Amino acid sequence: KNKIYWQSLDQKGYPWFKATFSSIDFSIQHTTSDEIAQTLSRLFQVADTLRGTIPGGTIFIKSILDFPRDWGLGTSSTLIYAMAKWLEINPFELLKSTFGGSGYDIACAKSDSAILYNIKNNQPLWRVIHFDPPFKNNIGFVYLGNKQNSREGIETYREKGTPPASLLKQISQLSKFLVRQENVLTFMSILDELEKLTGKWIQQKTVKETLFSDFEGSIKSLGAWGGDFMMVVSTRGSAYMRTYFLEKGLTVYLAYEEMVLS
């Protein structure tokens with residue numbers, strides 16, 4: 001009685017994590033990973049505070065992935081959103097008091113299509129947009145094989161301080177322009193400019209500069225720079241991109257249609 005039994009399965013149905021918590025104080029009673037269990041315990045504690053109380057008794061929770069665990073792909077934000085939805089609390093408040101971040105990934109977890117997101121007066125705002133470019137076959141996603149810790153990436157970014165308003169305005173304008181493009185060359189030039197602006201602010205070279213300078217196309221880092229996935233675009237098409245990155249030792253290439261929600 002008064003226990004929370006947690007089990008996490010990978011995309012093949014294999015249990016890669018298990019834990020048992022007290023449903024009263026959320027203390028860890030048994031686990032296969034102290035680090036993960038401590039994170040979950042903290043989430044339960046914060047959720048309990050936000051909600052007033054979490055239902056007691058015996059609770060069974062199972063999480064199931066439908067892609068390889070090391071890919072990332074917003075697993076933390078999905079966890080936050082799923083817990084908040086279950087417990088009927090604000091997912092942005094749960095995020096703020098635990099992992100931190102802008103909340104953009106929470107808005108993505110709530111959405112079924114492309115969005116534009118910003119923060120105004122400390123409140124998250126987003127709107128659904130139609131993004132279905134005619135050059136979809138020129139867009140792919142490549143896994144770098146080096147999953148980054150998003151929380152560490154956020155801390156690195158925050159160490160730089162608040163970006164100047166002029167930079168934020170420039171990035172916002174370019175983003176709005178980007179999603180309306182029907183010409184692949186213009187789309188690529190905007191991506192290059194966005195990557196350049198971000199790299200200059202965080203004082204890091206772009207992934208194309210450091211690893212793929214001979215790639216005939218554009219590369220946009222996704223998530224924390226240096227790991228996880230990157231979006232690649234080339235006028236030479238998917239066959240060229242798939243072959244290029246395979247020759248670089250990167251075996252995970254997903255076409256645009258394989259990655260986006262449909």
Side-chain angles (χ1 to χ4, degrees), residues 8-17 33 35-36 63-79 99 101 104-105 108 114 131 133 135-157 178 184-185 187-262:
S8 295
L9 308 181
D10 64 16
Q11 84 280 10
K12 296 180 180 179
Y14 179 79
W16 61 270
F17 169 76
S33 170
E35 181 181 2
I36 297 174
S63 69
I64 305 170
L65 284 169
D66 55 8
F67 53 82
R69 185 161 61 93
D70 57 356
W71 284 9
L73 287 183
T75 45
S76 297
S77 54
T78 303
L79 171 65
F99 293 170
Y104 161 74
D105 46 1
C108 288
F131 182 71
F135 46 85
K136 292 189 292 287
N137 291 338
N138 299 99
I139 302 176
F141 298 87
V142 181
Y143 179 56
L144 280 165
N146 180 30
K147 186 180 184 322
Q148 297 291 90
N149 186 312
S150 299
R151 279 165 283 176
E152 292 178 2
I154 291 169
E155 288 302 316
T156 300
Y157 168 79
L178 179 77
V184 65
L185 291 175
F187 186 85
M188 289 165 58
S189 67
I190 298 172
L191 276 186
D192 292 339
E193 184 64 17
L194 285 167
E195 195 79 340
K196 178 182 174 181
L197 288 170
T198 304
K200 185 177 180 180
W201 170 251
I202 64 175
Q203 298 178 335
Q204 289 188 37
K205 288 187 176 181
T206 67
V207 68
K208 182 175 180 179
E209 288 177 305
T210 56
L211 298 175
F212 311 110
S213 59
D214 60 340
F215 176 69
E216 296 181 36
S218 300
I219 298 177
K220 179 74 179 72
S221 295
L222 305 175
W225 275 35
D228 294 344
F229 277 83
M230 55 188 181
M231 184 171 71
V232 296
V233 189
S234 175
T235 56
R236 296 190 59 180
S238 59
Y240 161 73
M241 294 189 289
R242 191 183 300 271
T243 301
Y244 174 90
F245 290 105
L246 184 61
E247 291 176 348
K248 296 289 185 179
L250 302 178
T251 59
V252 179
Y253 175 92
L254 298 177
Y256 179 87
E257 297 286 7
E258 295 178 274
M259 178 65 90
V260 300
L261 293 173
S262 58

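Side-chain atoms are counted along with the backbone in the values below, which use heavy atoms only and exclude waters and symmetry mates. Source: prediction; values computed, not measured.
When all heavy atoms are compared, the tightest approach of W16 to D10 is CD1-N, 3.4 Å. Between P133 and Y256 the shortest heavy-atom distance is CD-OH, 3.9 Å. Taking each heavy atom of V207 and S221 in turn, the nearest pair found is CG1-OG, 3.6 Å. Of all heavy-atom pairs spanning S33 and F17, the tightest one is O-CE1, 3.7 Å.
Summarising the geometry, atom OG belonging to S8 is positioned 7.5 Å from atom CG belonging to L65; distances are rounded to the nearest 0.5 Å. Here the straight-line distance linking atom CG of D70 with atom CG of D228 works out to 9.5 Å at 0.5 Å rounding. Expressed to the nearest 0.5 Å, how far OG1 of T206 lies from CG of L211 amounts to 9.0 Å. For the atom pair NZ (K220) and CD1 (I190), the distance works out to 13.0 Å, reported to the nearest 0.5 Å. Put simply, CG on L246 and NZ on K248 are 12.0 Å apart, with the number rounded to the nearest 0.5 Å. Atoms CE and OG, on M188 and S234 in that order, are 6.0 Å from each other to the nearest 0.5 Å.
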### Task
Apply side-chain contact (heavy atoms from CB on, under 4.5 Å) to the pair L254 and W71, showing each step before the final yes or no.
CA-CA 12 Å; L254 298 177; W71 284 9; 3.8 Å; yes
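Between T75 and R69, every side-chain heavy-atom pair lies at or beyond the 4.5 Å cut-off. The shortest distance between side-chain heavy atoms of V260 and K136 does not fall below 4.5 Å. For the pair M259 and I139, the minimum side-chain heavy-atom distance is 4.5 Å or more. Inter-residue side-chain proximity for L185 and T235 is flagged as met; some heavy-atom pair is nearer than 4.5 Å. The shortest distance between side-chain heavy atoms of V142 and F229 does not fall below 4.5 Å. Residues D105 and F99 are not in side-chain contact: their nearest non-hydrogen atoms beyond the backbone lie 4.5 Å or more apart.
Residues Y240 and F215 place their aromatic rings such that the two centres sit under 6.0 Å apart.
With no hydrogens or angles considered, no side-chain donor-acceptor pair links S238 and N137 at under 3.5 Å.
In this structure, the side chain of Y253 does not engage the main chain of Y244 through any donor-acceptor pair within 3.5 Å. In this structure, S218 contributes its side chain and D192 its backbone to no donor-acceptor pair below 3.5 Å.
Between K208 and the options I219, V232, D214, a side chain to side chain contact (heavy atoms under 4.5 Å, CB included) holds for only I219. Checking L250, T251, L73, V252 one by one against Y143, the side chain to side chain contact (heavy atoms under 4.5 Å, CB included) holds for a single residue, V252.
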